[in-house]
Amino acid sequence: MSAPSLFDALQQQPADALLSLIGLYRDDPRAQKLDLGVGVYRDETGATPVLRAVKAAEARLLETQGSKSYLGPEGDIRYAELLQPIVFGRTLAADQLAGVQTPGGTGALRLAADLIAAARPGAKVWLGTPTWPNHAPIMKAAGLTVATYRYYDQATQTVLFDEMMAALSGAAAGDVVLLHGCCHNPAGADLTPDQWRAVAEVVAARGLIPLVDLAYQGLGDGLEQDAAGARLVLDSVPDALLAYSCDKNFGLYRERVGALYAKAATPARTELMRSNILSLARANWSMPPDHGAALVRVILEDAALTADWRAELTVMRTRINQVRQALAAGDSALAFLGRQHGMFSLLPLSAEQVGVLRRDHAVYMAGSGRVNLAGLTLATVPQFIDSLRAVR
Ligand code: LMR
């Protein structure tokens with residue numbers, strides 16, 4: 001018998017429900033199985049290929065990279081600069097915007113949460129529910145207080161905009177409001193341009209701090225359209241944070257390629273935020289992994305590679321939208337999918353129905369009823385509709 005240990009006090013944690021689906025799906029021997037679980041793009045053959053532009057950038061990097069010496073806690077700063085016109089529509093002055101590379105969008109969110117907590121321990125962050133299951137754990141891990149309002153009604157497929165506005169109108173100055181920039185995860189239901197304007201107004205009027213999570217830019221309506229709401233909010237407030245991910249739109253998932261941008265009203269405050277971001281990054285991961293961000297930099301430095309990446313992104317977006325339209329046309333109960341954006345939508349299914357779909361039909365999706373529509377093809381849409389009808 002071993003002596004008692006400090007670690008005996010730990011509570012057993014459940015495996016992450018979403019990431020567990022990866023293994024469950026892999027181990028299912030049924031040929032007709034459908035993976036609508038974790039949010040990765042799949043092509044018409046079901047593969048998640050490395051993009052052409054990324055392969056070309058990798059070849060170039062292999063030839064030209066002369067050192068793997070440390071870069072510092074900010075990572076590849078040129079990468080974060082080159083993304084700015086894509087994200088913000090323009091390049092901001094260094095004394096208006098601090099931008100650093102982070103390990104994925106998750107790293108950007110965690111760094112944002114740490115920055116907020118450093119400024120105000122226990123600060124309140126408003127999350128509209130349902131939201132990405134990792135949002136609340138990240139905020140809580142930084143010691144922030146999570147408050148929620150209802151954003152979307154799964155049964156009626158409606159954005160509960162009045163409830164959102166009521167919550168934001170009642171929030172206190174200095175509260176943080178986390179906003180999905182586009183391609184809402186899990187609902188696929190984005191704000192309309194008018195709704196974004198109203199959100200921007202209330203956020204500005206109440207003195208709230210927007211924290212925009214922009215992880216799917218280009219996978220909804222297009223690079224410009226998908227950033228429009230976020231830009232509106234960011235332009236209407238003095239201070240704001242934006243967590244960015246290139247994992248999806250560059251297909252770099254496991255390379256973990258993100259960025260955190262902090263916009264401030266004065267040069268002095270920008271500098272204050274930058275210095276705190278760098279010291280928090282140092283304490284968290286010292287410096288982010290280089291490879292994926294270096295690839296994005298190589299692509300964005302080169303007009304031909306950038307054009308090819310944009311073309312590949314258009315193919316991805318078009319395919320997802322074709323699947324959406326095919327589902328909407330194939331079953332009137334799925335008509336709402338044709339009006340939504342990005343990889344995800346929430347089907348009005350109970351956990352039990354999701355279980356039956358997995359057990360009897362080899363359809364894998366999150367327990368919440370979230371489906372990754374990129375896991376379907378025009379050929380498998382009828383099979384999926386039949387499976388849904390069987391559990392209804
Ligand atoms: C998802 O929601 O499927 C992705 O963002 C993957 C993840 O990290 O959860």
Side-chain angles (χ1 to χ4, degrees), residues 13-26 34-43 46-48 102-113 127-142 151-152 154 178-190 211-220 226 230 242-260 284-285 288-289 292 313 316-317 320 323-324 337 340-347 349 354 357-358 363-376:
Q13 299 295 316
D16 184 274
L18 186 61
L19 301 186
S20 300
L21 288 176
I22 298 172
L24 290 173
Y25 175 81
R26 188 191 49 223
L34 294 175
D35 182 2
L36 313 185
V38 75
V40 298
Y41 175 78
R42 293 183 197 286
D43 66 15
T48 304
T102 59
T106 303
L109 286 166
R110 179 56 196 260
L111 194 52
L127 302 180
T129 60
T131 192
W132 184 46
N134 213 13
H135 274 151
I138 291 170
M139 299 301 138
K140 287 180 187 164
Y151 172 81
Y152 182 78
Q154 191 165 353
L178 192 149
L179 299 166
H180 294 239
C182 67
C183 306
H184 187 280
N185 181 3
D190 292 338
L211 164 54
V212 176
D213 183 357
L214 189 54
Y216 294 88
Q217 191 187 5
L219 289 163
D226 292 351
L242 184 139
Y244 195 79
S245 176
C246 296
D247 290 340
K248 324 279 176 166
N249 56 5
F250 283 83
L252 284 164
Y253 311 94
R254 69 176 76 152
E255 299 290 359
R256 315 302 302 136
V257 192
L260 175 66
N284 269 332
W285 44 74
L313 185 58
M316 292 196 266
R317 175 174 65 246
I320 293 169
V323 167
R324 284 189 172 280
L337 296 177
Q340 297 183 336
H341 300 98
M343 290 187 189
F344 305 123
S345 280
L346 263 182
L347 300 183
L349 297 170
V354 171
L357 280 165
R358 190 182 310 168
V363 175
Y364 285 75
M365 67 175 77
S368 61
R370 189 192 80 169
V371 280
N372 170 19
L373 298 164
L376 290 170

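Order of listing sets the numbers, starting from 1, for every ligand and every atom in it.
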Looking only at heavy atoms, is any part of [X] under 4.0 Å from ligand 1, and if so is it the side chain, the backbone, or both, or is it neither?
X      : result
Val40  : neither
Leu18  : side chain
Tyr253 : neither

Shortest protein heavy-atom distance from [atom], along with the residue and atom involved:
atom                   : result
atom 2 (O) of ligand 1 : Arg370 NH1, 2.9 Å
atom 5 (O) of ligand 1 : Lys248 NZ, 3.1 Å
atom 3 (O) of ligand 1 : Gly39 N, 2.7 Å
atom 9 (O) of ligand 1 : Trp132 NE1, 3.0 Å

Mark yes or no for whether [X], through its side chain, and [Y], through its backbone, hold a donor-acceptor pair below 3.5 Å.
X      : Y      : answer
Arg110 : Ile138 : no
Tyr151 : Ala189 : yes
Asn249 : Tyr216 : no

Original post:
So do the side chains of Leu313 and Tyr41 get within less than 4.5 Å of each other, counting heavy atoms only?
Top reply: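 No. Closest side-chain heavy atoms not under 4.5 Å.
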Original post:
Is there side-chain contact between Leu373 and Gln340, with at least one heavy-atom pair below 4.5 Å?
Top reply: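 In short, these two side chains do not touch, never coming nearer than 4.5 Å.
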**OP:** Please could you name the atoms of ligand 1 that Val38 approaches to less than 4.0 Å, counting only its heavy atoms?
**Re:**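 Answer, ordered by atom number: 3 (O), 6 (C).
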Original post:
At a 4.0 Å threshold, what atoms of ligand 1 neighbour a non-hydrogen atom of Tyr216?
Top reply: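 With Tyr216 as reference, the close atoms of ligand 1 come out as 4 (C), 5 (O).
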Original post:
With under 30° as parallel and over 60° as perpendicular, where do the rings of His180 and His184 fit, or are they tilted in between?
Top reply: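 Correct class here is parallel.
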Original post:
Only one of Val354, Leu357, Leu337, Leu36 clears side-chain contact (heavy atoms from CB on, under 4.5 Å) with Leu347; which?
Top reply: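 Filter result, single survivor: Leu337.
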